[in-house]
Amino acid sequence: MSEIDADAILPNDRVQQSVAAGEITQLTRGASNRYASEGDTFEIDGEAFAVATVERRTLGDFTDADAQREGSESLDAYKQRMKRVHPEGFTWDDTEEVLTYRFEQVE
């Protein structure tokens, strides 16, 4: 459990601002790198957040609720967004292992 830079877990300013606004409460990244551990904290604009859970799963485990926590209206919309933000030929593979980081604001 340590304090990490928000840039270490959240890939860009738009995502960071969406987290600060409460629009994104989890983020999923490839399983090849671990960006944070449960209990790690980070700050965005002076507000503290904590990584509540880190879960290893597959893309096939994703639901509409996961997509909504990641800032998309549905799983289908989330899949389309992933294709847009990863233009290097991203394809959705239900068997691909990922890490899902859930976080919450710390009072």
Side-chain angles (χ1 to χ4, degrees):
M1 185 160 87
S2 61
E3 186 166 332
I4 61 172
D5 190 315
D7 292 335
I9 188 171
L10 306 173
N12 57 52
D13 188 57
R14 186 197 63 75
V15 172
Q16 290 178 22
Q17 293 309 307
S18 293
V19 168
E23 298 162 0
I24 293 178
T25 59
Q26 83 176 29
L27 192 71
T28 298
R29 314 275 315 255
S32 60
N33 292 319
R34 188 174 184 104
Y35 295 92
S37 297
E38 289 181 13
D40 285 352
T41 59
F42 58 92
E43 282 193 13
I44 302 170
D45 298 334
E47 298 293 327
F49 295 83
V51 177
T53 63
V54 180
E55 182 181 4
R56 181 175 290 275
R57 53 204 303 219
T58 66
L59 288 177
D61 294 330
F62 265 64
T63 65
D64 280 331
D66 287 306
Q68 291 164 359
R69 285 189 287 269
E70 300 221 13
S72 292
E73 62 188 43
S74 67
L75 182 56
D76 208 38
Y78 178 75
K79 288 178 182 181
Q80 294 306 313
R81 191 176 91 208
M82 290 301 99
K83 289 178 184 176
R84 276 194 316 277
V85 300
H86 299 288
E88 65 280 352
F90 175 84
T91 45
W92 188 273
D93 176 355
D94 281 345
T95 65
E96 183 175 346
E97 289 195 353
V98 293
L99 292 172
T100 297
Y101 303 87
R102 288 197 187 165
F103 30 84
E104 53 197 26
Q105 191 166 4
V106 177
E107 298 298 319

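Only heavy atoms go into these numbers, but all of them, side chains included; no hydrogens, no water, no symmetry mates.
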Only distances under 3.5 Å count here; give the side-chain donor-acceptor pairs of residues 79-90 to other protein atoms, sequence neighbours excluded, each with its distance to 0.1 Å.
residue	atom	partner	partner atom	Å
R81	NH1	E70	O	3.1
R81	NH1	S72	OG	2.8
R81	NH2	E70	O	3.2

Could you list the donor-acceptor pairs under 3.5 angstrom formed between side-chain atoms of residues 1-8 and any protein atom two or more places apart in sequence or on another chain?
residue	atom	partner	partner atom	Å
D5	OD1	D7	N	2.8
D7	OD1	Q16	NE2	2.6

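With hydrophobic clusters built from ILVMFWY side chains whose heavy atoms lie under 4.5 angstrom apart, V54 shares a cluster with V19. Side-chain heavy atoms closer than 4.5 Å link hydrophobic residues (I, L, V, M, F, W, Y) into clusters, and following such links, possibly through other members, connects I24 to V51.
The ring pair (Phe, Tyr, Trp, His ring centres under 6.0 Å) contacts involving residues 11-40 comprise nothing, where partners must be two or more places apart or lie in separate chains. Every pair tested for salt bridge (Lys or Arg N to Asp or Glu O under 4.0 Å) that includes a residue from residues 22-49 fails, sequence neighbours excluded, so the list is empty.
Here the closest heavy-atom approach between residue R57 and residue F62 is recorded as NH1-CE1, 4.0 Å. When every heavy atom of A36 is checked against every heavy atom of I9, the shortest pair comes out as CB-CD1, 3.8 Å.
Residue V98 is tested with T58, D61, L59 for a side-chain contact (heavy atoms from CB on, under 4.5 Å); the sole match is L59.
Residues T28 and R69 form no side-chain contact, since every pair of their non-hydrogen atoms from C-beta on lies 4.5 Å or further apart. The side-chain heavy atoms of Q17 and I44, taken from C-beta on, include a pair separated by under 4.5 Å.
With sequence neighbours left out, the ring-ring contact (aromatic ring centres under 6.0 Å, His included) criterion links Y101 to no other residue. Residues satisfying the side-chain contact (heavy atoms from CB on, under 4.5 Å) criterion with E73, sequence neighbours excluded, are A77.
Between F42 and F49, the ring planes are parallel. Angles under 30° get that label, and only those over 60° would be called perpendicular.
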- Begin from the C-alpha positions of R102 and D66 and carry the test salt bridge (charged side-chain N to carboxylate O under 4.0 Å, His left out) through to its verdict. CA-CA 10 Å; R102 288 197 187 165; D66 287 306; 3.5 Å; yes
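Using a distance-only test at 3.5 Å, with no hydrogens or angles considered, no donor-acceptor pair links the side chain of D64 to the main chain of S74.
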